[in-house]
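Order of the sequence lines sets the chain letters (A, B, ...), proteins ahead of strands, with each chain counted from 1.
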There are 4 protein chains.
Amino acid sequence: MSTTVAPDPTRRNDGVRRAILSAAIDQVGEVGYAKLTIERIAKSAGVGKQTIYRWWPSKGALFFDAFLDLAGDGEATALPDTGDLAADLKLVLDATIDELNNPRFDQAMRALHTEIVLDPALAAEYATRLDNPMRDIKKARLRTAQEAGQLAEDVDLEVAVDLVWGPILNRWLHRTAPLTSEYAHQVVDTALRGLAPRVS
Amino acid sequence: MSTTVAPDPTRRNDGVRRAILSAAIDQVGEVGYAKLTIERIAKSAGVGKQTIYRWWPSKGALFFDAFLDLAGDGEATALPDTGDLAADLKLVLDATIDELNNPRFDQAMRALHTEIVLDPALAAEYATRLDNPMRDIKKARLRTAQEAGQLAEDVDLEVAVDLVWGPILNRWLHRTAPLTSEYAHQVVDTALRGLAPRVS
Amino acid sequence: MSTTVAPDPTRRNDGVRRAILSAAIDQVGEVGYAKLTIERIAKSAGVGKQTIYRWWPSKGALFFDAFLDLAGDGEATALPDTGDLAADLKLVLDATIDELNNPRFDQAMRALHTEIVLDPALAAEYATRLDNPMRDIKKARLRTAQEAGQLAEDVDLEVAVDLVWGPILNRWLHRTAPLTSEYAHQVVDTALRGLAPRVS
Amino acid sequence: MSTTVAPDPTRRNDGVRRAILSAAIDQVGEVGYAKLTIERIAKSAGVGKQTIYRWWPSKGALFFDAFLDLAGDGEATALPDTGDLAADLKLVLDATIDELNNPRFDQAMRALHTEIVLDPALAAEYATRLDNPMRDIKKARLRTAQEAGQLAEDVDLEVAVDLVWGPILNRWLHRTAPLTSEYAHQVVDTALRGLAPRVS
DNA sequence: TCTTAACCGAGACGGTACGTCGGGTCTTATC
DNA sequence: GATAAGACCCGACGTACCGTCTCGGTTAAGA
């Protein structure tokens, strides 16, 4: 018999919720994820600690929500389609790179990845709510290209997506080298063309 | 000008050092990186906390050293070269996948990535001591292939490495899907051949 | 101007406060003042360390409060007055000696003296809250005696108090010799009569 | 079977011993007894910690020796004797008060008392080496006075000593009020004359 | 309209871990 | 073999946050 009852979502004060989420993002930008504490978020949001614990089970979960809020929870619906696959991919990657190079977004995104890498449950939710929808959109664009004969028929779209976006994400995560538009374009061209020489 | 003086490394007890490093790896495997504390490492290694703080500035730095110790700090010298690039790459990736699917190594590797993603200084050291040497080895193998006409002459080896290893690392980090040998082979084949259809 | 704000005393849990004070006295009796630590008091009281640090700035201040609590913070109001000064003083000193020979009280009292001897601020508070009230009570009894012609008119009561109680306290503090009723009676008789011979 | 052997006192380096003792007194004056540490004494004396632990079992014991060294270990042999007991006592007490009002000596003396009050073993040694010799000297002077008819024949000299010196020591320890020459003289006069009125 | 139940700010509380200080022991190199 | 230096294990320090818990106050149903 538990005395703790799930809070009634209908009574939730949405202004408070938004204040907490945005405070979380703000504070990550200011002190980084390692020094981000519930107490700091509460103080920055002008909120009692208990209000946070009432609605979120952990810092990771709260931050995850905050990130979804920031990222706009699946607002994009389709990738551009001009008929030129390479150009479209480069356009999309350039936009992604801009985002990743925005310090506020960069910090938040890194924090999210930290949580995801260590917590399989969060990783699953991340996949469901953000990654899979995005993958579907990407695959949709590739499928169109495939149908238009711009992609080999036997290419696995899952692998194709990884081939294009994987290198970008990795370079950003590991800071192997500056993440530039040139690099992205090279990745697209190389992926499309393949590493092996043309037979001629 | 700092008042804290670096301890004299010649007086360091190496048995103690090794006990700490291996305790760090052990405990990450047992409780995960989030619950890994200096106090726990100290107790598990049968060592005073101060002894840890004397030689490492942070949990991250200690764990980094522990990982280097585990990974053997650049012991590999070259990738296999049977003349068949695709087969050689698949062989190497299979070994990598085995390693990543080993729970002890998996946990340690994830912990390392967590630290690296958030700490640029550690990322730089990681690049210098582990990633760059490995990249050099990979590029060496690809260069041989290129000279043998198995790789297009105008392919940037840096990009080529990313194209092959990036997808593997990402799938592992994000647990997008199980990391299997089949997937790795697909990645190799697709990267070599390219996404675009052969002109014939 | 300090950034640390004093906690709100109205929110204080008095049960916790009493548990801490009595744990402090208990533990001094068990291990002595030198080995008395905040951590030990906290554990013995079933309390977090922070709760102690929230309300007391130091071990000395805490112990001082604990002693006040034990000593009853000025509960006595007057010395007995049977008209026979010597007898009354002997009665009072006998009671004091009993108290000082009670191990529990002895330990606590010694600890208090240790702090007072080294810390002028605590000494001042001790004077205000315990010593001065007691001196006033003692002086009141002596004044009555003086008015009744049992004390020389020109005797300074401050000095008179010191002459009677000083030797007792010193013998106890320094363990010069066992603190007995006989000694106390001798002190009273000698102080009243004086060292010099009667002129006859 | 113990591997630790008592050090050979004949090999002791006396310069080192004196450096340690004087460093102890110096540091008590600088930071007080509570913050006096073995490490601080060692550093201040330019000595290894082990050298201190080799010769003294505890901070208290070391400090005790240091104090003996400072106080001159029973150098005085007799109190002045001009034939006028009151005047002689006042002279001696004035000198004592000067000493107690000397900050360097005050700090050291307070530290010593702290140790003595809590540690019976040290109290016993203090009695044997410092207090009893001094008491003997005091009693010798009083005995002379007694033989000269300046002290009542039935006065216990032990009590007499306490009556004169007890109040002084207490006022100093507790800082009840400033320790002045006037006070000391009052004590002497009152002790000699007694509190009770002359019968006429 | 008036309870009344929940949210909310605030922050005390029992804990765990932090990073530091010093205790006392032991080892190494020097004299 | 005594010494200076300092690494080592250990225990306590005083602080920061954790997650839980009351405490008033306010706010929005429902009787």
Side-chain angles (χ1 to χ4, degrees), chain A residues 3-5 7-13 15-17 19 35-43 45-55 57-59, chain B residues 4-5 7-13 15-17 35-40 42-43 45-55 57-59, chain C residues 4-5 7-13 15-17 35-40 42-43 45-55 57-59, chain D residues 3-5 7-13 15-16 35-43 45-55 57-59:
Chain A
T3 54
T4 58
V5 178
D8 176 358
T10 67
R11 308 218 30 176
R12 184 166 193 178
N13 181 335
V16 163
R17 180 182 152 273
K35 292 195 177 176
L36 181 67
T37 66
I38 298 279
E39 237 156 41
R40 175 179 270 268
I41 296 171
K43 177 144 289 183
V47 140
K49 274 204 291 180
Q50 189 58 27
T51 302
I52 294 182
Y53 283 110
R54 180 153 35 230
W55 302 107
S58 70
K59 182 176 83 162
Chain B
T4 59
V5 178
D8 176 357
T10 67
R11 304 199 65 140
R12 185 166 192 177
N13 181 334
V16 163
R17 180 182 149 272
K35 291 195 178 175
L36 181 68
T37 65
I38 298 278
E39 229 150 53
R40 174 180 269 268
K43 175 151 292 184
V47 140
K49 272 202 291 180
Q50 189 64 257
T51 302
I52 295 182
Y53 284 110
R54 179 153 39 231
W55 301 108
S58 67
K59 184 177 80 162
Chain C
T4 58
V5 178
D8 177 357
T10 67
R11 292 187 148 263
R12 185 166 193 178
N13 181 334
V16 163
R17 181 182 149 272
K35 291 194 175 174
L36 180 68
T37 65
I38 296 279
E39 227 150 54
R40 174 179 270 268
K43 176 150 289 183
V47 140
K49 271 201 291 179
Q50 190 59 43
T51 301
I52 294 181
Y53 284 110
R54 181 151 39 230
W55 301 109
S58 68
K59 184 176 80 161
Chain D
T3 54
T4 58
V5 178
D8 176 357
T10 66
R11 307 218 28 162
R12 183 165 193 179
N13 179 335
V16 164
K35 293 195 175 172
L36 180 68
T37 66
I38 297 279
E39 238 156 41
R40 174 180 272 268
I41 296 171
K43 177 144 291 184
V47 140
K49 275 205 289 180
Q50 191 56 38
T51 304
I52 293 181
Y53 283 110
R54 181 152 34 233
W55 301 108
S58 68
K59 184 176 81 161

Practice prompt. Check B:Ala42 against B:Gly48 and note the closest heavy-atom contact, atom names and distance.
Written response: CB-C, 4.3 Å
Looking at the side chain of [X], which of [options] is the nearest nucleotide?
X       : options                : value
A:Pro7  : E:dC7, F:dT20, F:dA12  : E:dC7
A:Asn13 : E:dG11, F:dT15, E:dC8  : E:dC8
C:Glu39 : F:dC17, E:dC13, F:dC13 : F:dC13

Worksheet, complete the sentence: Here the distance between atom P of E:dG14 and atom CD1 of C:Ile52, to the nearest Å, is 9 Å
Does [X] make a side-chain donor-acceptor contact with the base of [N], cut-off 3.5 Å?
X       : N      : answer
D:Gln50 : E:dC26 : yes
C:Arg11 : F:dC23 : yes
A:Lys49 : E:dG9  : no

Worksheet item: Start at the 5' end of DNA chain E and walk down; is the nucleotide closest to D:Thr37 or to B:Lys59 reached first?
Response: B:Lys59
Practice prompt. Using the closest heavy atom to pick a nucleotide of DNA chain E for each, name whichever of B:Ile38 or C:Thr51 lands nearer the 5' end.
Written response: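 Final value for this comparison: C:Thr51.
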Worksheet item: Is any side-chain heavy atom of B:Arg17 closer than 4.5 Å to a side-chain heavy atom of B:Trp55?
Response: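 In short, these two side chains do not touch, never coming nearer than 4.5 Å.
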Worksheet item: Looking at side-chain heavy atoms only, is the closest gap between B:Lys49 and B:Ile52 below 4.5 Å?
Response: no
Discussion item. For C:Leu36 and B:Trp55, find the nucleotide of DNA chain F closest to each by heavy atoms; which residue's nucleotide sits nearer the 5' end?
Written reply: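 The residue mapped nearer the 5' terminus is B:Trp55.
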Worksheet entry | B:Val47 or D:Ala45, whichever maps to the more 5' nucleotide of DNA chain F | D:Ala45
Practice prompt. Any chance you could measure C:Asn13, atom CG, to C:Arg11, atom CZ, to the nearest 0.5 Å?
Written response: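 Between C:Asn13 CG and C:Arg11 CZ, I get 12.0 Å after rounding to 0.5 Å.
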Worksheet item: Which angle, to the nearest 10 degrees, lies between the helix axes at the two ends of the helix from E:dT1-F:dA31 to E:dC31-F:dG1, each defined by five pairs?
Response: 10°
Practice prompt. Identify whether any heavy atom of B:Arg40 sits under 4.0 Å from a base atom; if not, whether one sits that close to sugar-phosphate; answer base, sugar-phosphate or nothing.
Written response: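 Since no nucleic acid heavy atom lies under 4.0 Å of B:Arg40, the category is nothing.
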